[in-house]
Structure formats: C-alpha cells, structure tokens
Amino acid sequence: MFSKVKLSENGQIITLSSSGGDMRFHAMWMRDNAPDADTRSAVNGQRLITLNDIPADVAITDAGLDGDQVLVTFSDRPHAVAYDAAWLAQHCYDMPSSHPPIWINPELTTWQGGARVPAADYKDVMTDDAAKLDWLEGLHRFGVAKLDGGPIESGALMDVAAIFGYVRETNYGKWFEVRTEVNPVNLAYTGLGLQAHTDNPYRDPVPTMQILYCLENAAEGGDSMVVDGFACVERLMATAPEAAEILSRYCARFDYRGSSGVALSSKRPMVETAPDGELTGIRFNNRSAAAFTDVPFDDMPAYYDAYRKLSELIDDPAMQVSFKLNPGECFIVDNTRVLHARNGYTGEGTRWLQGCYPDKDGLLSTIASMKSMKEAAE
Ligand code: FE2
C-alpha cells in the first residue's frame with residue numbers, strides 16, 4: 001500500500017507515500033491512536049490512557065514499513081508500534097476541505113416527490129439477514145422506509161423497533177395511539193390534514209426515529225405523506241443560501257404543555273449543523289413552535305422570511321411522497337431529517353395507528369455490526 005515513509009519537522013509529521021499520493025499525519029494524532037496493548041484494550045478496544053499521559057511534545061523518532069504495517073517509534077516509548085496501513089489510509093485527514101457552508105453526508109440520498117420509499121416484507125426482514133440489512137440501509141440512506149405484511153395486532157410496532165434498536169419511553173408511554181373517528185357531520189374538523197412536521201421538537205434530546213404502525217384504515221383519504229427535510233435545505237441552499245444559513249445560525253424555541261405535569265421546552269435551530277457545516281438535523285413543527293426570542297431584532301425579518309421559504313418548500317407537492325397505509329403496514333422515519341404528515345380525509349371511517357420512538361443509534365449500530373459480520377464471512 002505505502003511505498004515510502006518520511007519524517008519531518010523534528011518528527012512532528014510522518015508522510016506516507018503511495019501511488020495515489022502522500023498522506024501526512026501528526027505525531028500527536030499517531031500516538032493518541034496507537035493500537036498497541038498499552039494504549040488500547042485488547043478485549044474491548046477502548047483507550048486505556050488519557051491525553052495527559054502523552055507528552056505535549058511527543059515526536060516520532062523512527063518509522064519504517066513492514067509489509068502491510070507501518071512501524072512507528074515515539075519519543076515516550078521504547079518499542080515500535082505497528083499500525084495497519086489500510087486502517088491509516090481509511091482514517092486519513094490530510095485532504096483539502098471543499099465543503100459548502102452547509103453540506104449533506106454523501107452516504108445519504110436526498111429525494112423529492114416521485115421517489116420510491118424503500119419497502120420490504122415483514123416476514124423477509126424477520127427471517128433473512130440479507131433482506132434485513134438491505135432494508136435497514138435503505139432506511140438510513142433515505143431517512144424513511146416502509147414495512148408491509150406485518151401482524152394486525154396492538155403492540156406489533158414494538159417487534160418492528162426490536163429489529164434495529166430500542167424504544168425511548170416518553171410521557172406518551174412506550175407507544176401511543178393515533179386514533180381518528182371520522183365523523184361526516186363534523187368533517188371540517190376531522191378532515192383536517194396536518195402540515196408536515198418532525199415530532200416532538202420540544203424535547204432535547206429529540207426523538208430520533210418514529211414508527212407509525214397501521215391497525216385500521218377504513219377512512220377515505222388520510223394518506224400518510226413524507227418530505228425529506230434535508231432535500232428542502234438542499235433546495236434552499238441552491239436558491240436562497242442566506243435563508244438556510246440564518247435558520248442554522250439562530251435557535252428557534254419549541255414547547256408543549258398539553259397535559260398536566262408536562263412542561264417541555266427546547267431551544268434549538270430549525271436547521272442544525274455540525275461545526276464543519278454538515279447538516280445534522282431539522283426541527284420543524286408549526287404546532288409546537290414557541291415565540292422566537294433568540295434572533296436579534298435586526299435579523300428577525302430575515303429570519304421570518306427564511307422560515308417562510310422553508311415552510312413553502314415543505315408544503316410544495318413536488319417535495320412530497322404520499323402513500324396509504326393498510327392494516328399491518330408501517331413506516332419509519334428518521335425524525336431528525338424526514339417530516340411526516342397526514343393528509344385530510346374525504347369520507348367516514350376509522351383510522352387507528354400506533355406510534356413509538358426508537359433511537360437512531362441502534363439503527364446505525366445494527367447496520368455497522370451486520371456489515372462487519374458480513375465482511376468477515378466473505
Ligand atoms: Fe407526527
């Protein structure tokens with residue numbers, strides 16, 4: 001993999017050369033990431049030292065290549081440490097950063113109206129690991145997936161959550177009922193659709209995933225609809241980047257006091273980014289948005305203009321995917337990214353869904369561990 005190794009800056013930098021070019025690493029980074037048994041537990045891979053155990057002026061005193069390994073000796077250690085060359089190449093950080101101010105992880109696929117939501121059959125996912133991994137990866141990449149053909153039983157959604165993770169209990173319980181009796185005498189009320197939203201933005205931490213599982217859907221209409229919030233920000237970045245930027249710069253406020261003993265509130269931006277500009281989340285909910293008080297007076301008009309632009313994109317049918325859930329079917333959304341809504345009803349009948357909030361760390365962990373088991377078996 002590497003053909004040459006060179007030390008420079010008094011051993012502060014090591015340069016590894018290959019046919020693809022040079023990769024530089026700092027002595028401190030290399031020492032902190034040493035894989036030897038004195039630095040990392042051989043049992044669980046956890047680091048055994050703190051940064052303060054490494055001298056601030058640590059340097060590399062010698063380095064060489066040995067097959068697929070890079071051997072490095074540090075000023076604070078008598079013995080060479082062996083690094084896997086492929087691991088170093090995978091963890092290289094020596095590359096130009098050319099990100100726009102707000103950018104989306106290239107692992108994710110953004111989508112608009114007309115996109116096909118990843119879907120699978122309940123029995124396939126429950127019995128076939130390849131089908132399960134494929135479906136979970138689709139869920140992660142698109143931020144939404146459907147599962148069809150499940151049991152029509154109260155609580156069945158908990159078995160769906162157990163496919164990839166653990167449910168977060170809230171004041172609504174381990175799961176909650178979404179029941180609507182559509183009364184034709186009062187259609188004006190019951191037939192109301194909802195604007196697409198992320199759930200519970202007034203919580204911190206916010207629920208990271210949601211399952212909505214259908215047990216009855218005899219009403220006309222009442223389709224489910226999803227919108228990719230990341231695709232909306234992408235469009236905002238293309239047409240009005242200053243709007244995306246101001247929504248990420250200032251916090252919104254959300255709150256909920258709908259039942260006794262509950263007073264939830266949060267202060268978070270509607271468009272949340274990491275310090276390097278990676279888009280990490282969307283919080284959008286017209287019903288629980290509180291008075292915004294964290295936007296400076298002079299910026300409030302521009303903030304409201306940006307909020308309106310985002311709201312219009314979310315309401316744009318060109319961004320929306322709708323589907324009808326039948327009994328035994330469910331959909332799952334990444335609640336930090338994909339907004340969901342219920343379209344209005346046009347007839348009478350009963351609609352009964354159950355919902356719960358599994359956490360996304362379980363999804364990512366299940367995907368990563370299934371992938372490494374699959375690679376090890378190949
Ligand atoms: Fe909701």
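What you see below is based on every heavy atom in this structure, not just the backbone, and it leaves out hydrogens, waters and symmetry mates. Ligands are counted one by one from 1 in listed order, and the atoms in each one are counted from 1 as well.
Taking the ring pair (Phe, Tyr, Trp, His ring centres under 6.0 Å) definition, one finds that Phe176 meets it with Tyr357, sequence neighbours left out. Contacts of Phe164 classified as ring pair (Phe, Tyr, Trp, His ring centres under 6.0 Å), with partners at least two apart in sequence or in another chain: none. Applying the ring pair (Phe, Tyr, Trp, His ring centres under 6.0 Å) rule to Tyr83 yields no partners; only residues at least two apart in sequence or on another chain are considered.
For Tyr307 and Asp305, the side-chain atoms include no donor-acceptor pair closer than 3.5 Å. Using modelled atom types and a 3.5 Å distance limit, the side chains of Ser154 and Glu177 yield no donor-acceptor pair.
If you count the protein N, O or S atoms nearer to the Fe ion (ligand 1) than 2.8 Å, you get 3.
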Report task. Would you please test Phe292 and Cys251 for side-chain contact (heavy atoms from CB on, under 4.5 Å) and show each step? Result -> CA-CA 8 Å; Phe292 306 141; Cys251 281; over 6 Å; no
